Amino acid sequence: MSPLLEVQGLSKHFGGVAALTDASFAVAEGAITALIGPNGAGKTTVFNLVSGFLRPDRGVVRFAGQRIDSWRGDVIARAGLVRAFQAPRVLTRMSVIDNLLLAARHQPGERLGMSWLAPRRVARREREIRERALEVLELVRLRPLAEDYAGTLSGGQRKLLELGRALMVEPRMILLDEPMAGVAPVLALQLLDHIQTLRARAGVTVLVIEHDMEVVMAVSERVIVMDEGRVIAEGPPEAIQADERVIEAYLGRLAPSLPPEPERGGEP
């Protein structure tokens, strides 16, 4: 599979602190790839740079062959690369379905003149968007809650809504930041199922930050490992799980072998 996302020599400093140092990796189109590493490894900084929330000090980010490291976040999203945050950012005083409707692309009704000049076109597009929103709510199993306020949803349901809003953009690639964090086991299984369904049904490429190695092993085809702002390993999950550099990054310096226990003498 050819790379859809390419990161080359990415570096970012905050004051005197190096958050990223010469990080490079690629994500194959149509794949589910996990980005893992201990806290402070630079994973979220990578997401912020790739999605346009921050600008790199050095390095190149390419999406679908185009260099995007100088683009705004909204332009990157319209190009098909969208992000779902670890803490879901839902509009709590709007209904669940309205949260999705706002995320849809190509809404002629947003321009006042179109409502006067082409009312049928606007009405037709609004029907299409609503039908799409209902399909997405069905996919993420929130359709029975479509008219409820988003503020009444549980934390796990809000993550499902965040995923649904990302899908309304009709993306080629989604960045998921710890989707399982703080989610009840039943909803976590649903999220896992949705991630795999996205790739199977629509060929959506997924890059996911995740700490749970069971989740990483279950869903990902390739794993990128970071530590202290650098990429230290990359490969299939089975190889990564056995890599001593990865074990050391997660668990600290490997404990030395204990000396053999001295033989016991006779009775005192």
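Numbering starts at 1 and runs along the sequence shown. As the structure is a computational prediction, the values presented were derived from the model and not from experiment.
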**ring pair (Phe, Tyr, Trp, His ring centres under 6.0 Å) partners of F53, counting only residues at least two apart** =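 Ring pair (Phe, Tyr, Trp, His ring centres under 6.0 Å) list for F53, sorted by chain: F85.
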**Asked** Can you tell me if CZ on R230 sees more than 12 non-hydrogen neighbours from other groups inside 6.0 Å?
**Response**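 Atom CZ in R230 is not crowded, with 12 or fewer foreign heavy atoms closer than 6.0 Å.
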Are the side chains of [Y] and [X] in contact, using a 4.5 Å heavy-atom criterion?
X	Y	value
V46	L35	yes
R124	R127	yes
E210	L176	no
R67	V60	yes
S24	V231	no
L5	M173	yes
V223	P237	yes

Give a yes or no on whether the backbone of [Y] and the side-chain of [X] come within a donor-acceptor separation of less than 3.5 Å.
X	Y	answer
S95	D98	yes
D57	H13	yes
S220	I32	no
R83	I174	no
K43	P38	yes
D69	V61	yes
T45	A19	no

Nearest-0.5 Å distance that lies between atom [atom1] in [X] and atom [atom2] in [Y]:
X	Y	atom1	atom2	value
L20	R58	CG	CZ	10.5 Å
M168	R132	CE	CZ	6.5 Å
S154	K159	OG	NZ	11.0 Å
L160	R165	CG	CZ	13.0 Å
I195	L163	CD1	CG	7.5 Å

**Asked** Are E162 and R89 close enough for a salt bridge, meaning some N to O gap below 4.0 Å?
**Response**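 No salt bridge links E162 with R89.
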**Carboxylate-amine/guanidinium proximity below 4.0 Å for E29 and R172** =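 Yes, charged N to carboxylate O under 4.0 Å.
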Which atoms form the tightest heavy-atom contact between [X] and [Y], and what is the distance?
X	Y	result
I240	A233	CD1-CB, 3.8 Å
G164	L100	C-CD2, 3.4 Å
F47	D177	CE2-N, 3.9 Å
W71	Q66	CH2-OE1, 3.7 Å
N99	L91	OD1-N, 2.9 Å
A133	L101	CB-CD2, 3.8 Å

**Request:** Begin with the C-alpha distance, continue with both residues' side-chain angles, and end with the deciding distance and a verdict on side chain to side chain contact (heavy atoms under 4.5 Å, CB included) for E6 and F63.
**Result:** CA-CA 7 Å; E6 297 174 272; F63 176 68; over 6 Å; no
**Request:** Please name all residues satisfying side chain to side chain donor-acceptor pair (under 3.5 Å) with E170, sequence neighbours left out, ordered by chain then number.
**Result:**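 Side chain to side chain donor-acceptor pair (under 3.5 Å) check on E170 returns nothing, list empty.
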**Prompt:** Is the cationic atom of K12 (NZ for Lys, CZ for Arg) positioned less than 6.0 Å from the six-membered ring centroid of F14 and within 45 degrees of its normal?
**Reply:**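 The answer is yes, since K12 meets both limits relative to F14.
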**Item:** Evaluation steps, side chain to side chain contact (heavy atoms under 4.5 Å, CB included), between V225 and D243
**Value:** CA-CA 10 Å; V225 188; D243 191 310; over 6 Å; no
**Request:** State yes or no: do I209 and I232 share one hydrophobic cluster built from I, L, V, M, F, W and Y residues joined by side-chain heavy-atom distances below 4.5 Å, directly or via other members?
**Result:**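 No, because I209 and I232 fall into different hydrophobic clusters, even though each may have its own neighbours under 4.5 Å.
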Name every donor-acceptor pair, under 3.5 Å, that has one atom in a side chain of residues 146-153 and the other anywhere in the protein, sequence neighbours excluded.
unit_1	atom_1	unit_2	atom_2	d
E147	OE2	R130	NH2	3.2
T152	OG1	Y149	O	2.7

**Request:** Applying side-chain hydrogen bond (donor to acceptor under 3.5 Å, both in side chains), run through Q157 and R141 and close with a yes or a no.
**Result:** CA-CA 9 Å; Q157 290 171 331; R141 304 179 191 180; over 6 Å; no
